[in-house]
Novice: 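A single structure is presented below for examination.
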2 protein chains.
Amino acid sequence: MKISIEGLNKAFESRIKLGIMSVLAVNHMLDFNALKEYLDVTDGNLASHIKALEKEEFIGVEKTFVDRKSNTKYFMTKEGKKAFDEHLKALEKLIKGISE
Amino acid sequence: MKISIEGLNKAFESRIKLGIMSVLAVNHMLDFNALKEYLDVTDGNLASHIKALEKEEFIGVEKTFVDRKSNTKYFMTKEGKKAFDEHLKALEKLIKGISE
DNA sequence: TCAAAGTGCTTTGAAATTCAAAGTTATGCA
DNA sequence: TGCATAACTTTGAATTTCAAAGCACTTTGA
């Protein structure tokens, strides 16, 4: 059987979570606003997706102050990287299975 | 900007819907049970995902009787094919953007 | 021949997720 | 002082996901 959705991680199903992880995979650290612009979502929506990924420990947070303003940066954790990588592999495999 | 989640179709986000479409992309027509086995979901769950895709007119239904038993077959519609194709392309692009 | 079990979905309703709007807290500008 | 803006967070409604139960037959076997 060529088609299999095993290996796809539920945590990365939503467009926005997939986006967050993708963007963080490429840019090692990004703040809230950068993510928001990349993904074009509302604050609340982005915040809840971030929180969900945080809860799974797929992304981490680093809160600092820049020019006396709070600045929250996000990055992928090791587990996040691993899980996302597997997810991408599963996706690739799926796509390949279809186009063959 | 390399990473973009534009082009990803909300209708195909869930693992199961992605699976339904993938399986139907490869096997032109399948019945409820075949889908169920491929995807390893409960009846109710599968039925609701199918219904959602039907509602979008991405898949069609054909009800017949085989050996006096009802038999419902599903297939991708033209629009479904188009939409799914675009979705896959967007996915591929996303993955490429990350691995570069 | 009739009850019990099975098949192939559909319906139901609870739980989880997604989302935008409103809220909060702190800074910047007039 | 006071209003606007920034950077999130909280809230709660809408939507989606899911398994269990339901339904309408059909089959099986005593």
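Residue numbering restarts at 1 for every chain, and letters A, B, ... go by the order of the sequence lines. All heavy atoms count here, side chains included; hydrogens, waters and symmetry mates do not.
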Novice: Using whole Å, report how far CD1 of B/I20 lies from C1' of D/dC18.
Specialist: 13 Å

Novice: Between protein and nucleotides 14-29 of chain C, map the contacts as a letter string: B base, S sugar-phosphate only, - none, heavy atoms under 4.0 Å, written 5' to 3'.
Specialist: ----SBBB-----SS-

Novice: Would you confirm whether A/T72, through its side chain, and A/K63, through its main-chain N or O, come within 3.5 Å as a donor-acceptor pair?
Specialist: no

Novice: Taking atom P of C/dT7 as reference, at what distance in whole Å does atom CG of B/L46 sit?
Specialist: 17 Å

Novice: Can you tell me how far the OG1 atom of B/T77 sits from the CD1 atom of B/I59, to the nearest 0.5 Å?
Specialist: 8.5 Å

Novice: Does B/E6 have more than 12 heavy atoms from other residues, nucleotides or ligands lying within 6.0 Å of its CD?
Specialist: no

Novice: When the distance from CG of B/N71 to P of C/dT10 is rounded to whole Å, what number comes out?
Specialist: 12 Å

Novice: Using the ring-ring contact (aromatic ring centres under 6.0 Å, His included) criterion, which residues pair with A/F84? Sequence neighbours excluded.
Specialist: A/F12

Novice: If I take atom OH in residue B/Y74 and atom P in nucleotide C/dG8, what distance separates them, rounded to the nearest angstrom?
Specialist: 12 Å

Novice: Can you measure A/I5 atom CD1 to D/dT17 atom P for me and round it to whole angstrom units?
Specialist: 12 Å

Novice: Roughly how many Å is it from CG in B/L35 to C1' in C/dC9, rounded to a whole number?
Specialist: 13 Å

Novice: Can you check the B/I50 CD1 to C/dG8 P distance for me, whole Å?
Specialist: 14 Å

Novice: Carefully, step by step, assess B/L46 and B/T42 under the rule side-chain contact (heavy atoms from CB on, under 4.5 Å).
Specialist: CA-CA 6 Å; B/L46 178 57; B/T42 56; over 6 Å; no

Novice: For C/dT1, give its Watson-Crick or G-U wobble partner with both distances under 3.5 Å, or none.
Specialist: D/dA30

Novice: Report yes if a side-chain nitrogen or oxygen of A/K36 is closer than 4.0 Å to either non-bridging phosphate oxygen (OP1 or OP2) of D/dC8; otherwise report no.
Specialist: no

Novice: Rounded to whole angstrom units, what separation is found between the CG atom of B/D31 and the P atom of C/dC9?
Specialist: 7 Å

Novice: Among B/N27, B/L30, B/V41, exactly one meets side-chain contact (heavy atoms from CB on, under 4.5 Å) together with B/L35. Which residue is that?
Specialist: B/L30

